[in-house]
Amino acid sequence: MKVQSIRGTHDILPGSVELWQEIEQQARERFRLYGYAEIRTPVLEETELFARSVGADTDIVRKEMYTIEDSKGKSITLRPEGTAPVVRSYIENGLSNEVPVAKLYYIGPMFRHERPQKGRYRQFHQIGAEVLGSDNPAIEAEVIEMLFDLLQALGLQDFNLLINSVGCPVCRPAYINRLREELRLHAGELCEECLRRTETNPLRVLDCKVPSCQPVIERLPVIRDWLCEECREHFSLFQKYLASREIAAEVCPRLVRGLDYYVRTTFEIVSRSLGPTQNALVGGGRYDGLSELLGGPPAKGFGFAMGMERLVLLLSGRSELGAPFKVPAPEIFLVHLDQAAFEYALGLASRLRKEGVFAYVDFAGKSVKSQMRQANRQNAKFTCVIGESELRSGSFTLKRMADGVQTAVTENQIADYLRREL
Ligand code: HAM
């Protein structure tokens with residue numbers, strides 16, 4: 001039986017990987033300009049880290065984590081997201097003593113056992129950034145400006161910014177009580193999940209997509225009317241800082257997000273091109289209090305994560321992740337006629353590579369004809385046939401594949417010639 005990849009995971013083959021590299025490179029450049037340094041945390045963490053931070057009653061912790069017991073009976077989990085690990089590392093490595101405001105970014109795989117569909121996978125990749133040590137709403141606007149810079153540099157056009165405030169431990173409890181009372185009155189009209197959430201986490205009801213729940217949800221009190229003075233001021237400054245950067249945002253009172261650590265500002269960047277359900281490209285927000293929750297010093301936090309698969313779907317205009325398999329195009333394909341020419345070609349290739357030339361030698365032991373066919377298929381820029389007479393004379397004919405023009409050069413001239421012509 002053929003062994004296949006696990007459902008919800010995917011290979012990124014040559015031909016597709018170049019777009020991923022381009023996205024990563026553009027992201028790294030943007031992050032550098034805004035003062036972010038890369039952090040790499042382990043893929044495995046203690047389960048407790050996510051239970052405490054993401055929240056025991058979230059979909060992620062209740063049913064989507066890949067959790068195993070190690071040989072000592074400790075529960076460990078493949079990270080479903082990057083924020084909690086970054087905050088754990090920030091605390092563990094005492095980063096608050098090193099810089100007043102830590103700006104960190106990460107790129108890597110995350111794991112959630114969700115039902116796979118277009119734009120939703122079990123192993124997916126996030127590009128994320130976290131700022132620790134500031135509760136200034138200006139940093140929030142700066143983070144969003146950086147994201148807009150990145151998306152625009154990548155040529156993405158069709159996206160919108162949604163923002164909300166989910167209040168803080170001062171004002172949120174009263175709102176949640178009010179929400180619960182209201183929901184209990186409409187218990188008969190709610191789906192089973194909403195009924196459960198009415199008691200455990202009523203805020204999450206706002207996120208429900210079940211059509212029959214919508215009439216109730218639309219009439220629920222909105223958190224904006226319950227914000228305390230400080231949260232109100234924070235949200236209005238955040239909007240002011242966005243406006244001063246000419247960033248348009250739509251206030252979306254139902255934007256509560258699927259993770260429990262958020263306070264005050266939450267946001268998403270959505271794109272209609274992703275379809276009606278998995279339309280969030282970026283999710284983020286403020287998480288003051290998370291550091292303390294994880295046993296660390298008081299530290300305000302704000303950040304985001306962007307789904308790379310969703311970005312790739314948008315940028316490639318495809319409905320699937322994969323593009324046709326393609327290997328890189330050699331600058332020169334050295335075609336060899338016999339064993340002596342093959343050995344010479346190996347040495348020549350290694351000398352050319354030292355001069356920065358992408359030289360390719362066939363190892364499949366194929367005929368000259370099939371080597372030429374292979375050079376064509378790989379889109380080689382030049383070919384050079386090496387046989388007895390070339391070895392004897394020291395003169396090599398380089399053929400430009402685009403137009404068939406041939407030029408004779410000595411070995412020492414090859415690299416310079418290619419540099420001029422490529
Ligand atoms: P999140 O909203 O759970 O937030 O995920 C952020 C983004 O990751 C989503 O908008 C989406 O593009 C992508 N994503 C999530 N799940 C999947 C999946 N199953 N398949 C494909 N893509 C997916 C967080 O993870 C927070 N840690 C964001 C954050 C950082 N908040 C503050 N700092």
Side-chain angles (χ1 to χ4, degrees), residues 6-10 12 23 36 39 41 45 49-50 53-55 58-61 63-66 78-90 102-132 134 139-140 143-144 146-147 151 156 159-164 166 204 207 255-271 273-275 277-291 299-315 320-321:
I6 291 171
R7 196 163 119 83
T9 70
H10 50 85
I12 307 167
I23 293 169
Y36 288 74
I39 181 167
T41 63
E45 295 276 1
L49 174 64
F50 302 109
S53 58
V54 173
T58 55
D59 285 349
I60 295 179
V61 172
K63 44 192 186 194
E64 293 171 2
M65 295 208 300
Y66 284 90
L78 282 173
R79 62 179 183 197
E81 63 103 49
T83 309
V86 167
V87 176
R88 196 250 330 118
S89 173
Y90 172 83
K103 290 176 155 185
L104 302 164
Y105 80 87
Y106 50 92
I107 302 178
M110 308 290 159
F111 305 84
R112 296 183 194 175
H113 193 269
E114 299 194 73
R115 196 167 50 77
Q117 55 176 264
K118 182 190 161 197
R120 190 160 76 187
Y121 310 94
R122 290 182 173 170
Q123 174 173 336
F124 59 98
H125 299 76
Q126 286 185 340
I127 295 183
E130 314 290 349
V131 186
L132 287 139
S134 169
I139 195 76
E140 302 172 3
V143 164
I144 289 172
M146 175 171 77
L147 263 166
L151 294 178
L156 198 71
F159 59 87
N160 292 90
L161 172 65
L162 310 179
I163 59 171
N164 191 24
V166 292
R204 300 280 308 126
D207 218 17
L255 189 70
V256 288
R257 312 264 308 121
L259 306 97
D260 281 353
Y261 47 60
Y262 292 112
V263 294
R264 295 194 168 164
T265 311
T266 55
F267 77 97
E268 281 185 1
I269 294 179
V270 297
S271 173
S273 313
L274 281 169
T277 48
Q278 307 300 319
N279 65 356
L281 174 63
V282 180
R286 174 159 290 287
Y287 47 83
D288 303 346
L290 180 55
S291 173
K300 315 287 182 186
F302 183 82
F304 73 85
M306 169 159 68
M308 286 190 79
E309 280 76 4
R310 294 187 190 177
L311 186 57
V312 164
L313 288 175
L314 284 173
L315 292 175
E320 305 228 326
L321 281 174

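Residue numbers start at 1 and run along the sequence shown. Ligands are counted one by one from 1 in listed order, and the atoms in each one are counted from 1 as well.
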Using a 3.5 Å distance criterion without hydrogens, assess whether the side chain of Arg310 forms a donor-acceptor pair with backbone atoms of Leu281. no
Between Arg112 (side chain only) and Pro80 (backbone N and O only), is there a donor and an acceptor less than 3.5 Å apart? yes
Angle between ring planes, Phe267 versus Phe302, binned at 30° and 60°: parallel, tilted or perpendicular? parallel
Who are the side-chain hydrogen bond (donor to acceptor under 3.5 Å, both in side chains) partners of Tyr90, not counting sequence neighbours? none
Within the protein, flag every N or O under 3.5 Å from an N or O of ligand 1, and note the pair and distance.
{"from": "ligand 1", "atom 1": "2 (O)", "to": "Arg257", "atom 2": "NH1", "distance (Å)": "3.0"}
{"from": "ligand 1", "atom 1": "2 (O)", "to": "Arg257", "atom 2": "NH2", "distance (Å)": "2.9"}
{"from": "ligand 1", "atom 1": "3 (O)", "to": "Arg112", "atom 2": "NH1", "distance (Å)": "3.0"}
{"from": "ligand 1", "atom 1": "3 (O)", "to": "Arg112", "atom 2": "NH2", "distance (Å)": "2.9"}
{"from": "ligand 1", "atom 1": "4 (O)", "to": "Arg257", "atom 2": "NH2", "distance (Å)": "3.0"}
{"from": "ligand 1", "atom 1": "5 (O)", "to": "Gln126", "atom 2": "NE2", "distance (Å)": "3.2"}
{"from": "ligand 1", "atom 1": "8 (O)", "to": "Gln126", "atom 2": "NE2", "distance (Å)": "3.1"}
{"from": "ligand 1", "atom 1": "10 (O)", "to": "Ala280", "atom 2": "O", "distance (Å)": "3.2"}
{"from": "ligand 1", "atom 1": "12 (O)", "to": "Ala280", "atom 2": "O", "distance (Å)": "3.1"}
{"from": "ligand 1", "atom 1": "12 (O)", "to": "Leu281", "atom 2": "O", "distance (Å)": "3.0"}
{"from": "ligand 1", "atom 1": "12 (O)", "to": "Gly307", "atom 2": "N", "distance (Å)": "3.2"}
{"from": "ligand 1", "atom 1": "16 (N)", "to": "Arg112", "atom 2": "NH1", "distance (Å)": "3.4"}
{"from": "ligand 1", "atom 1": "19 (N)", "to": "Glu114", "atom 2": "OE2", "distance (Å)": "2.6"}
{"from": "ligand 1", "atom 1": "19 (N)", "to": "Tyr121", "atom 2": "O", "distance (Å)": "2.9"}
{"from": "ligand 1", "atom 1": "20 (N)", "to": "Tyr121", "atom 2": "N", "distance (Å)": "3.0"}
{"from": "ligand 1", "atom 1": "25 (O)", "to": "Arg112", "atom 2": "NH2", "distance (Å)": "3.1"}
{"from": "ligand 1", "atom 1": "25 (O)", "to": "Gln126", "atom 2": "NE2", "distance (Å)": "3.1"}
{"from": "ligand 1", "atom 1": "27 (N)", "to": "Glu81", "atom 2": "OE1", "distance (Å)": "2.6"}
{"from": "ligand 1", "atom 1": "27 (N)", "to": "Thr83", "atom 2": "OG1", "distance (Å)": "2.9"}
{"from": "ligand 1", "atom 1": "27 (N)", "to": "Tyr261", "atom 2": "OH", "distance (Å)": "3.0"}
{"from": "ligand 1", "atom 1": "31 (N)", "to": "Tyr262", "atom 2": "OH", "distance (Å)": "2.6"}
{"from": "ligand 1", "atom 1": "33 (N)", "to": "Thr83", "atom 2": "OG1", "distance (Å)": "3.1"}
{"from": "ligand 1", "atom 1": "33 (N)", "to": "Glu130", "atom 2": "OE1", "distance (Å)": "2.8"}
{"from": "ligand 1", "atom 1": "33 (N)", "to": "Glu130", "atom 2": "OE2", "distance (Å)": "3.1"}
{"from": "ligand 1", "atom 1": "33 (N)", "to": "Gly303", "atom 2": "O", "distance (Å)": "3.4"}
{"from": "ligand 1", "atom 1": "33 (N)", "to": "Phe304", "atom 2": "N", "distance (Å)": "3.3"}

For Lys103, which residues count as a side-chain hydrogen bond (donor to acceptor under 3.5 Å, both in side chains) partner, sequence neighbours excluded? Glu142
Could you work out, with side chain to side chain contact (heavy atoms under 4.5 Å, CB included) as the rule, every residue matching Asn279, not counting sequence neighbours? Val270, Leu274
